[in-house]
Protein chains: 2
Amino acid sequence: MKILKSQLTATQKMQYEARAKIIKAIAHPSRLFIIEELEKGERCVNDLTDMIGADVSTVSKHLSVLKNAGLIGDKRSGNNIFYYLRTPCILGFFGCLEDVIESNARQQGEILLACKTKR
Amino acid sequence: MKILKSQLTATQKMQYEARAKIIKAIAHPSRLFIIEELEKGERCVNDLTDMIGADVSTVSKHLSVLKNAGLIGDKRSGNNIFYYLRTPCILGFFGCLEDVIESNARQQGEILLACKTKR
DNA sequence: TTCATATTTGGCAATATGGCAAAATATCCA
DNA sequence: TGGATATTTTGCCATATTGCCAAATATGAA
């Protein structure tokens, strides 16, 4: 007879889905850039578009994804709509990302080295 | 004449893509669960499958996504393949997620309240 | 009101993702 | 070797994401 480990409850499942939704919103190169840029100060679509180098409508959509996830807010000032970071704690995560990337690079290096020494 | 802000360099672009790739790997309810579970100790596909309640092949794919991003490692022991967390710092991020979720909930509450008082 | 600027929306094509089932692989044991 | 168990890979389909263009909307100024 097979012993089943405790399954995920509906509540837990919802919790993971809520988290995943937010992480998904961050999981795009342009959106990562936007978050970092907004940490420096408020920006409007046009500012970001120039830097990213994509269509304005594309950047606008990225902003709406971030806004929809509750990560950024916006306020209109005349003809411009300025976006701002609502939860700066996100940035603490970036250091960890670098750790992962470095660790991956190191491992790749080791594999390369292992191949070389074998010859 | 339009003044262009400094555009992203190719190197910066690559950096954001590398980060996004890792975040993308985390951005799924089941994979979030797997990461948390692996923090408790090594697990094999079957353990996780029972808890998640999806097909084994699906969970196996999730594990390969995490492995491919360099977040987890694996080692065979007889008939089982055990997965382990390679970068526990990921977990520090989860607290921030909860902050965002709570903040979103609070805002929703305010909107609701505002609607009520208007009546 | 009309024009110019800033921004969002809708539509569409290309691509990526997620999940199941069946087939393939790997290991252990008799 | 052959069978049992554990895991991954492949094929297929439904759905989601991304990005551009064109059209719509909002604001300010003449």
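Any value given below was found using the heavy atoms of this structure, including those in side chains, with hydrogens, waters and symmetry copies removed. Proteins come first, then strands; the chains are lettered A, B, ... in the order of their sequence lines, and each starts at number 1.
For the atom pair CG (B:Leu32) and CD1 (A:Ile22), the distance works out to 10.0 Å, reported to the nearest 0.5 Å.
The NZ atom of A:Lys24 sits 14 Å away from the P atom of D:dT15 (whole-angstrom rounding). Across the protein-nucleic acid pair, A:Ile23 atom CD1 and D:dA16 atom C1' stand 18 Å apart, rounded to whole Å. What separates CG of B:Asp74 from P of D:dT7 is a distance of 11 Å, to the nearest Å. Following rounding to the nearest Å, A:Asp50 (CG) and C:dT5 (P) show an atom-to-atom distance of 15 Å. A straight line from CZ of A:Phe82 to P of D:dT27 spans 15 Å, rounded to a whole angstrom. Note: CD1 (A:Ile81) to P (D:dG28) measures 11 Å, nearest angstrom. Put simply, NZ on B:Lys75 is 15 Å from P on D:dT7, counting in whole angstrom units. Here C:dG18 presents its P atom at 13 Å from CG of B:Asn68, a figure rounded to the nearest Å.
The closest donor-acceptor contact from the side chain of A:Ser77 to the backbone of A:Asn80 lies at 3.5 Å or more, if one exists at all. Using a distance-only test at 3.5 Å, with no hydrogens or angles considered, a donor-acceptor pair links the side chain of A:Arg31 to the main chain of A:Ala25. With B:Arg76 contributing its side chain and B:Gly78 its backbone, the two residues share a donor-acceptor pair below 3.5 Å. A donor-acceptor pair is defined here as one N or O able to donate and one able to accept, closer than 3.5 Å; such a pair exists between the side chain of A:Asp47 and the backbone of A:Cys44.
Contact between the side-chain N/O atoms of B:His62 and the OP1/OP2 oxygens of D:dT8 is not found at any separation under 4.0 Å. Between B:Asn80 and D:dT7 there is a side-chain N or O to OP1 or OP2 distance below 4.0 Å.
Closest to the side chain of B:Ser60, out of D:dT8, C:dT7, D:dT18, is D:dT8. Nearest to the side-chain atoms of B:Val45 among the listed nucleotides D:dG19, C:dT8, D:dT7 stands D:dT7. Relative to the side chain of B:Val56, the nucleotides D:dT8, C:dG18, C:dT7 differ in distance, and D:dT8 lies closest.
Along DNA chain D, the nucleotide nearest B:Cys44 and the nucleotide nearest A:His28 are compared for position; the residue whose nucleotide lies closer to the 5' end is B:Cys44.
Taking the side-chain hydrogen bond (donor to acceptor under 3.5 Å, both in side chains) definition, one finds that B:Asp55 meets it with B:Ser57, sequence neighbours left out.
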Quiz prompt | nucleotides 20-30 of chain C: protein proximity per nucleotide (B base, S sugar-phosphate only, - neither; heavy atom, under 4.0 Å) | solution = BBB----BS--
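A salt bridge links A:Arg19 with B:Glu36: the distance from a Lys NZ or Arg NE/NH1/NH2 to an Asp or Glu carboxylate oxygen falls below 4.0 Å.
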